[in-house]
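Numbers for residues simply follow the sequence, beginning at 1. Values below: every heavy atom of this structure, side chains too, minus hydrogens, waters and symmetry copies.
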Amino acid sequence: MKRILILEPNATGGRKIVKSARKLGYLIFGVTQKNVFEKMYEKQFADQFEGIHFTDFSNEENSINDICDYAKRQKIDAVLSGFEFMSNLTVKVASKLNLLTHDYMKADALRNKGLMYEHFVENNVPTAKTIIVESLEQLQSIKHDINFPLIIKPADNGGSCGVFKVQDFDELINCYNLIIDNSIEFPHGFQLSQQVLLQEILDGKEFSVEIAIIDGQSQVLCITDKMTTEGTYFAELGHTLPTMESPEKQKLINEVALESIKALGLQNGVAHAELKFTQEGPKIIEVGARLPGDYIPELLELALGIDEAEVYLKAALGEPMDLIPVKNNYAAIRFIPVSNSGNFEQLVFMDHIKDYEFTFSQYVKSGDIVAPSQDNISRIGHIICASDSYNDVVSKCSEILANVQVNILEEVM
């Protein structure tokens with residue numbers, strides 16, 4: 001019976017891996033921090049593991065040795081990342097254990113977007129022009145070489161946190177300081193890189209590409225249409241898959257996505273490549289060597305019948321798999337935003353909406369403090385719809401969202 005080790009399973013991707021691993025009959029082991037386990041692991045979830053090991057992620061070298069010792073004792077067959085911040089650590093642990101994974105020499109580029117950008121440039125992968133800033137002094141020294149507007153983002157944060165569109169140098173300095181002042185990872189609390197990226201703005205429709213990689217051979221599973229906020233912040237509002245773009249456009253998207261996979265040395269697992277289709281063609285934004293977030297694996301399973309967590313598991317184990325879709329449907333997710341700050345009371349669906357077929361998840365409870373969304377963390381819930389028609393699934397989501405009432409008791413100042 002195969003024995004699977006998941007580095008931080010308490011995330012949407014990690015929970016999907018746990019569910020699929022149990023379905024396949026694998027034994028599951030997890031690695032987390034004690035404080036995270038005590039605050040965030042409900043008993044029903046924790047009981048699904050054969051064992052859970054506590055480590056301190058703030059000291060990478062010690063953590064790698066500690067996890068490897070535990071993995072050897074448990075005779076682990078594969079190591080998977082359950083959380084985006086564990087992508088590079090997963091490669092380092094698996095490599096040290098001589099298990100299937102990606103290129104060890106490029107592991108840090110799977111989290112650090114500065115290194116990722118350098119690999120894209122070295123391999124001629126189309127991407128946004130980028131300046132990597134190491135300090136405030138360096139930023140001040142290049143003041144007259146910067147063209148506005150631009151995007152500023154942290155090198156290794158996630159969830160669109162700390163990503164801003166800025167119009168001038170004063171705004172740039174303010175956002176830079178915000179990023180540096182908030183460079184602690186959540187929920188484990190380790191220090192993030194002090195590197196900051198300045199990037200040209202890519203105009204065009206945004207997509208993600210879900211990819212399986214087996215023994216260095218990549219296969220596209222699906223192209224996803226992405227919806228994000230416009231303006232200063234870049235929170236994701238929803239996703240629809242598979243795309244209905246023309247075959248010619250899909251071919252170009254796939255080519256750039258697969259070029260990015262090769263540039264990062266991905267060998268065994270799954271990848272989530274994000275890009276924009278500009279006037280010059282597709283340009284890569286970034287790649288995650290893990291399951292995508294935002295419940296995209298659930299959408300993929302609803303629409304095409306492909307369990308991406310199962311693909312990840314089998315790729316990491318070197319087991320054969322069938323990647324042919326068994327469904328021909330469409331699925332979409334839409335996140336429920338907050339328009340004002342205050343104490344959340346309830347979500348109310350209008351009566352006629354209750355006749356629609358959809359699933360609904362609420363992230364907050366009555367009494368919680370909520371505020372308008374600026375990133376992918378400040379959401380209060382989502383809806384998921386499926387249909388045999390792309391237009392139908394999109395219109396159904398729009399109709400449901402238009403008839404959801406968010407009741408918030410505004411705070412009295």
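- Taking the side chain as every heavy atom from C-beta outward, Q33 and D56 approach each other to under 4.5 Å.
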*Dump the intermediate steps for side chain to side chain contact (heavy atoms under 4.5 Å, CB included) on I67 and V79, then the final yes or no.*
CA-CA 10 Å; I67 296 168; V79 182; 5.9 Å; no

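- Side-chain N/O atoms of S20 and K16 include a donor and acceptor closer than 3.5 Å.
- Relative to the six-membered ring of F358, K396 misses at least one condition, a distance below 6.0 Å or an angle of at most 45° to the axis.
- In terms of modelled atom types and a separation under 3.5 Å, the side chain of K276 and the main chain of L202 share a donor-acceptor contact.
- Not counting sequence neighbours, R3 has no partner by the salt bridge (Lys or Arg N to Asp or Glu O under 4.0 Å) test.
- Applying the side-chain hydrogen bond (donor to acceptor under 3.5 Å, both in side chains) rule to K39 yields no partners; only residues at least two apart in sequence or on another chain are considered.
- Remark: side-chain polar atoms of R111 are paired, donor with acceptor, to backbone N or O of N157 under 3.5 angstrom.
- For the residue pair S95 and T101, the shortest heavy atom distance occurs at OG-CG2, 3.4 Å.
- The ring-ring contact (aromatic ring centres under 6.0 Å, His included) check on Y390 picks up Y330, with sequence neighbours excluded.
- Here the CD1 atom belonging to I380 is positioned 14.0 Å from the NZ atom belonging to K365, to the nearest 0.5 angstrom.
- The closest side-chain heavy-atom distance from F49 to P9 is below 4.5 Å.
- Although no hydrogens or angles enter the test, the distance criterion places no donor-acceptor pair under 3.5 Å between the side chain of R379 and the main chain of V338.
- Taking a 6.0 Å sphere around NZ of K129, one finds it holds 12 or fewer heavy atoms contributed by other residues, nucleotides or ligands.
- Taking the six-membered ring where the residue is Trp, the centroids of H382 and Y363 are separated by under 6.0 Å.
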*For K23 and D307, run salt bridge (Lys or Arg N to Asp or Glu O under 4.0 Å): C-alpha distance rounded to whole Å, both residues' side-chain angles, the deciding distance at 0.1 Å, then the answer.*
CA-CA 11 Å; K23 182 180 68 176; D307 183 344; 2.9 Å; yes

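- Listed for the D66 side chain is no donor-acceptor partner under 3.5 Å among the backbone atoms of N62.
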_M321 vs I214, side chain to side chain contact (heavy atoms under 4.5 Å, CB included): CA-CA, chis, key distance, verdict_ = CA-CA 10 Å; M321 69 189 86; I214 301 103; 3.8 Å; yes

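- In this structure a side-chain-to-backbone donor-acceptor pair under 3.5 Å is missing from N123 to V125.
- Around CG of D168, the count of heavy atoms belonging to other residues, nucleotides or ligands within 6.0 Å exceeds 12.
- For N328, the CG atom counts as loosely surrounded, since its 6.0 Å shell holds 12 or fewer non-hydrogen atoms of other residues, nucleotides or ligands.
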*Would you sort out whether S218 and I213 count as a side chain to side chain contact (heavy atoms under 4.5 Å, CB included), showing the intermediate values?*
CA-CA 4 Å; S218 301; I213 313 106; 3.7 Å; yes

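- When atom types are taken as modelled, the side chain of D322 and the backbone of I324 share a donor-acceptor pair closer than 3.5 angstrom.
- No donor-acceptor pair closer than 3.5 Å links the side chain of N254 to the backbone N or O of K251.
- Residues L266 and V287 have side chains in contact (heavy-atom distance under 4.5 Å, counting atoms from C-beta outward).
- Each side chain to side chain donor-acceptor pair (under 3.5 Å) pair with one or both residues in residues 257-271, not counting sequence neighbours, would appear here, but there are none.
- In this structure, the side chains of L304 and V326 stay at 4.5 Å or more apart for every pair of heavy atoms.
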*Mind running side chain to side chain contact (heavy atoms under 4.5 Å, CB included) on N174 and F164 for me, showing each step along the way?*
CA-CA 10 Å; N174 289 336; F164 305 102; over 6 Å; no

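- A donor-acceptor contact shorter than 3.5 Å is absent between the side chain of Y70 and the backbone of F54.
- Residues F360 and I400 are not in side-chain contact: their nearest non-hydrogen atoms beyond the backbone lie 4.5 Å or more apart.
- A donor-acceptor contact closer than 3.5 angstrom is absent between the side chains of N391 and S389.
- Minimum heavy-atom separation, Q138 to I132: NE2-O, 3.1 Å.
- Formation of a donor-acceptor pair under 3.5 Å by the S398 side chain with backbone atoms of V394 is found in this model.
- Salt bridge R15/E42: present, at least one basic N to carboxylate O contact under 4.0 Å.
- Taking the six-membered ring wherever Trp is involved, the centroid distance between the rings of F57 and F85 does not fall below 6.0 Å.
- With a 4.5 Å cut-off on side-chain heavy atoms, P325 and I306 count as touching.
- Judged purely by distance below 3.5 Å, without hydrogens or angles, the side chains of Q405 and N407 pair a donor atom with an acceptor atom.
- Applying the ring-ring contact (aromatic ring centres under 6.0 Å, His included) test to F335 and every residue at least two apart in sequence or in another chain returns nothing.
- Considering CG of L7 and CG of L89, their distance stands at 5.5 Å, rounded to 0.5 Å.
- Screening residues 187-200 for side chain to side chain donor-acceptor pair (under 3.5 Å) gives E8-H188, N112-Q195, T130-Q199, E134-Q195, K153-Q199, S183-Q191, S183-Q194, E185-H188 as the qualifying pairs, with residues at least two apart or on separate chains.
- In this structure, L401 CG and F349 CZ are separated by 8.5 Å, a value rounded to the nearest 0.5 Å.
- The minimum heavy-atom distance between P154 and C161, with the atom names listed, is CG-O, 3.4 Å.
- A donor and an acceptor atom, one from each side chain of Q250 and T243, are nowhere located under 3.5 Å apart.
- How far CE of M350 is from OH of Y356: 13.5 Å, rounded to the nearest 0.5 Å.
- Looking at every heavy atom in both residues, G162 comes nearest to I179 through O-CD1, 3.3 Å.
- What you find for C222 and L241 is that their closest heavy atoms are SG-CB, 3.7 Å.
- Summarising the geometry, atom CD belonging to E301 is positioned 12.5 Å from atom CG belonging to N329; distances are rounded to the nearest 0.5 Å.
- Contact annotation: the side chain of L139 approaches that of I146 to within less than 4.5 Å [non-hydrogen atoms, C-beta and beyond].
- The structure places OG of S208 at 10.0 Å from CD1 of I285, a figure rounded to the nearest 0.5 Å.
- The shortest side-chain heavy-atom distance between E50 and Q74 does not fall under the 4.5 Å cut-off.
- Heavy atoms only, all atoms of each residue included: I333 and D294 are closest at CD1-O, 3.5 Å.
- Shown here is K249, whose NZ atom has more than 12 heavy atoms of other residues, nucleotides or ligands within 6.0 Å.
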